[in-house]
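Heads up: the structure comes next, in structure tokens.
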Amino acid sequence: MSAAALLLYLRASELLPFGLFGLLTYVEPVLLAVVSITILGESLTPVDLLAYGPIAVALCLLGIENATARRFPVAPPG
């Protein structure tokens, strides 16, 4: 199963743009934490918050930046 996951990961790295693929590597641990809390009933410790908190905040900031950039595009210089 891990070999199949690795093959899919490598294929995705070929198909997706580099920026999107890189962003998905940051989304994965946050989604795994959400699934483990909501579905599996795991508890979140303060140490976990130190690990997942900054990643979640960074992803939120990236989303806000992306939404702002689309709403207020900057004209190219020249």
Side-chain angles (χ1 to χ4, degrees):
M1 213 132 101
S2 62
L6 179 62
L7 290 174
L8 291 172
Y9 182 82
L10 291 173
R11 184 66 178 144
S13 70
E14 295 172 355
L15 295 175
L16 296 173
F18 185 71
L20 177 61
F21 184 74
L23 182 63
L24 288 176
T25 60
Y26 290 107
V27 172
E28 178 189 11
V30 174
L31 288 178
L32 287 173
V34 169
V35 167
S36 68
I37 292 167
T38 58
I39 295 176
L40 301 176
E42 295 286 330
S43 61
L44 197 62
T45 66
V47 174
D48 295 333
L49 286 176
L50 288 174
Y52 296 114
I55 297 172
V57 170
L59 289 172
C60 289
L61 291 174
L62 281 171
I64 292 169
E65 179 187 22
N66 188 22
T68 305
R70 288 178 185 234
R71 178 176 270 178
F72 305 107
V74 177

Which value, rounded to the nearest 0.5 Å, describes the distance between [X] atom [atom1] and [Y] atom [atom2]?
{"X": "I55", "Y": "T25", "atom1": "CD1", "atom2": "OG1", "answer": "9.5 Å"}
{"X": "L16", "Y": "L24", "atom1": "CG", "atom2": "CG", "answer": "6.5 Å"}
{"X": "L23", "Y": "L62", "atom1": "CG", "atom2": "CG", "answer": "6.0 Å"}
{"X": "Y52", "Y": "L31", "atom1": "OH", "atom2": "CG", "answer": "11.0 Å"}
{"X": "Y9", "Y": "E14", "atom1": "OH", "atom2": "CD", "answer": "12.5 Å"}
{"X": "L20", "Y": "L15", "atom1": "CG", "atom2": "CG", "answer": "11.0 Å"}

Determine the minimum heavy-atom distance between [X] and [Y], stating which atoms define it.
{"X": "A33", "Y": "S36", "answer": "O-OG, 2.8 Å"}
{"X": "A56", "Y": "V30", "answer": "N-CG2, 4.1 Å"}
{"X": "D48", "Y": "S43", "answer": "OD2-O, 4.0 Å"}

Q: Answer yes if L32 and V34 sit in the same cluster of Ile, Leu, Val, Met, Phe, Trp and Tyr residues linked by side chain heavy atoms under 4.5 Å apart, and no otherwise.
A: no

Q) For Y26, does the OH atom sit with more than 12 other heavy atoms under 6.0 Å from it, leaving out its own atoms? A) no

